[in-house]
Amino acid sequence: MPELPEVETIRRDLAPLVTGRTIVDVEVDPGTIHLLAGVPLETLRASLAGRTIRSLGRRGKYLLFELDDGRWWAAHLRMTGRLVWRPHDAPPEPYERARVVLDDGHDLRWSDLRKFGTWRVHASADEVVGRLGPEPIDPGLTAAQFRRVFEGRTAPVKAVLLDQRRFAGLGNIYVDEALFAARIRPDTPAGQLSRAALGRLYRACREVLERGIAHRGASFRDYVDGQGNEGRQHMFVQVFRRTGKPCYACGTPIERSIVGGRATHYCPRCQRPARRPQRREARRAG
DNA sequence: ATATACTCCTGCATGC
DNA sequence: TGCATGCAGGAGTATA
């Protein structure tokens with residue numbers, strides 16, 4: 001399940017390998033319909049073949065290949081996507097669905113067991129990422145801006161964190177980890193969180209994402225980096241998929257529930273429910 | 001507008 | 001043992 005730290009690890013791995021390389025050809029398994037979202041393969045090939053990759057960026061969970069004609073090839077790994085760099089004559093990857101042939105004898109190999117991943121070429125990067133919220137790790141994101149996103153919302157705080165229009169890059173793993181680090185129950189209505197709780201959450205989101213990057217991502221099942229190697233972050237998770245196991249902080253068994261339609265893991269002792277709707281003085285808009 | 005349900009697809013764990 | 005069921009959870013779309 002590639003989230004921001006996993007996609008960022010892939011970006012860092014691949015950027016030096018693909019920058020300045022020219023795309024020779026594109027091959028896509030005809031059964032992989034989802035990938036091109038209705039765009040004919042020939043259209044995609046015409047967009048990519050002959051183009052030189054200027055840079056490789058990332059926004060939220062999107063990989064953004066900047067092409068030499070000013071356009072952008074956006075790739076989203078969704079749940080089981082992988083993108084690895086391989087010699088052209090290497091055997092196919094497991095569940096390989098597509099490949100991009102480069103001019104130096106290497107390919108970018110696209111694997112995707114469940115075929116949810118998407119590729120698309122856009123005239124501007126904003127077409128892809130314009131609707132995304134700020135990234136929690138953005139140094140320019142202030143605590144006040146962070147808090148404002150939760151104001152007045154009745155949805156569970158977890159659902160707000162997962163909504164890419166609110167914040168970009170968090171997925172199920174890092175949301176559960178951040179809420180544990182902030183000692184917040186995931187089903188707490190977002191608008192009921194105290195200023196102090198939101199301060200903890202602001203710091204926790206940054207910390208868990210930074211730690212995920214430092215550990216080169218979490219490989220619970222499908223994720224591998226740009227070389228095909230697993231990350232290490234799954235060895236350090238506090239609550240995600242630890243149902244029934246003792247909390248590292250207090251020993252209480254970790255519980256599992258469904259919040260916002262997703263499997264959710266939390267410590268019932270460290271993450272106490274909101275006491276009751278907190279009555280706060282009406283605050284003058286600033 | 002917001003919040004929720006459903007859908008895409010496949011492998012694997014579970015339970016009868 | 002075999003087979004059915006449901007779970008995994010990104011995000012676009014549909015619906016209340």
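What you see below is based on every heavy atom in this structure, not just the backbone, and it leaves out hydrogens, waters and symmetry mates. Each chain gets a letter, A, B and so on, in the order its sequence line appears, and its residues count up from 1.
At whole-Å resolution of the value, CG in A:Leu4 and C1' in C:dA11 are 16 Å apart. The distance from atom CG of A:Leu132 to atom P of C:dG12 is 8 Å, rounded to the nearest whole Å. As rounded to whole Å, 15 Å separates atom P of C:dG10 from atom NE2 of A:His34. Rounded to a whole Å, the CD atom of A:Gln164 is 16 Å from the C1' atom of C:dT13. Per the geometry, CZ belonging to A:Arg114 stands 9 Å off C1' belonging to C:dG10, to the nearest Å. Look at CZ on A:Arg78: it is 12 Å from C1' on B:dC9, rounded to the nearest Å. Remark: P of B:dT10 and CG of A:Leu35 are 14 Å apart, rounded to the nearest angstrom. Atoms CG (A:Asp176) and P (C:dG10) sit 10 Å apart, rounded to a whole Å.
Residue contacts for A:Ala263: at a heavy-atom cut-off of 4.0 Å it reaches the sugar-phosphate backbone alone, with no base atom in range. Across all strands shown, A:Tyr95 has heavy atoms under 4.0 Å from sugar-phosphate atoms exclusively, and none from any base. Residue A:Pro94 is classed as having no contact, given no heavy-atom separation below 4.0 Å to the nucleic acid. Nucleic acid contact class of A:Thr118 (heavy atoms, under 4.0 Å, all strands): none.
Contact annotation: A:Arg241 reaches the phosphate of C:dG9 (side-chain N/O to OP1 or OP2, under 4.0 Å). In terms of phosphate contacts, A:Lys115 brings no side-chain nitrogen or oxygen within less than 4.0 Å of OP1 or OP2 of B:dC8. Look at A:His76 and you won't find any side-chain N or O under 4.0 angstrom from OP1 or OP2 of C:dG10. Between A:Thr154 and the phosphate of B:dA3, there is a side-chain N or O to OP1/OP2 separation shorter than 4.0 Å. For the pair A:Arg262 and C:dG10, the criterion of a side-chain N or O lying under 4.0 Å from OP1 or OP2 is met. Applying the 4.0 Å criterion to OP1 and OP2 of C:dG10, one finds that A:Tyr62 has every side-chain N and O outside that range.
The P atoms of B:dC12 and C:dA11 are separated by 24 Å, rounded to the nearest whole Å.
A continuous path of ILVMFWY side-chain contacts below 4.5 Å connects A:Val7 to A:Leu14, so both sit in one hydrophobic cluster. Criterion: ILVMFWY side-chain heavy atoms under 4.5 Å apart, direct or through other members. Under it, A:Val101 and A:Ile53 are not part of a common hydrophobic cluster.
Residue-to-nucleotide proximity on DNA chain C shows that, of A:Ile258 and A:Leu170, the 5′-proximal contact is made by A:Ile258. Ranked by how close their nearest DNA chain B nucleotide is to the 5' end, A:Arg221 and A:Val160 are led by A:Val160.
Stacking annotation: A:Phe116 is not stacked on the base of C:dA11 (requires ring centroids less than 5.5 angstrom apart and an interplanar angle below 30 degrees).
Tested against A:Arg216 for a side-chain hydrogen bond (donor to acceptor under 3.5 Å, both in side chains), the candidates A:Thr9, A:Asp225, A:Asn229 yield a single pass: A:Asp225.
Counting only heavy atoms from C-beta on, A:Asn172 has its side chain closest to C:dG9 among B:dA3, C:dG9, B:dT10. Checking B:dT10, B:dC8, C:dG9 against every side-chain atom of A:Met79, the shortest atom distance belongs to C:dG9. With C:dA11, C:dG9, B:dT2 as the candidates, the nucleotide lying closest to the side chain of A:Arg153 is B:dT2.
Separation of the A:Phe240 and A:Phe220 ring centroids falls under the 6.0 Å cut-off.
A donor-acceptor pair under 3.5 Å is absent between the side-chain atoms of A:Glu6 and the main chain of A:Tyr223, judged by distance alone.
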Determine, stepwise, if the pair A:His122 / A:Trp72 fulfils ring-ring contact (aromatic ring centres under 6.0 Å, His included).
CA-CA 5 Å; A:His122 294 266; A:Trp72 297 79; over 10 Å; no
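A salt bridge links A:Arg109 to A:Asp107: at least one charged side-chain nitrogen sits closer than 4.0 Å to a carboxylate oxygen.
Pair check for B:dT14 finds C:dA4; Watson-Crick or G-U wobble, both atom distances under 3.5 Å. For B:dC9, there is no paired base (Watson-Crick or G-U wobble, both distances below 3.5 Å).
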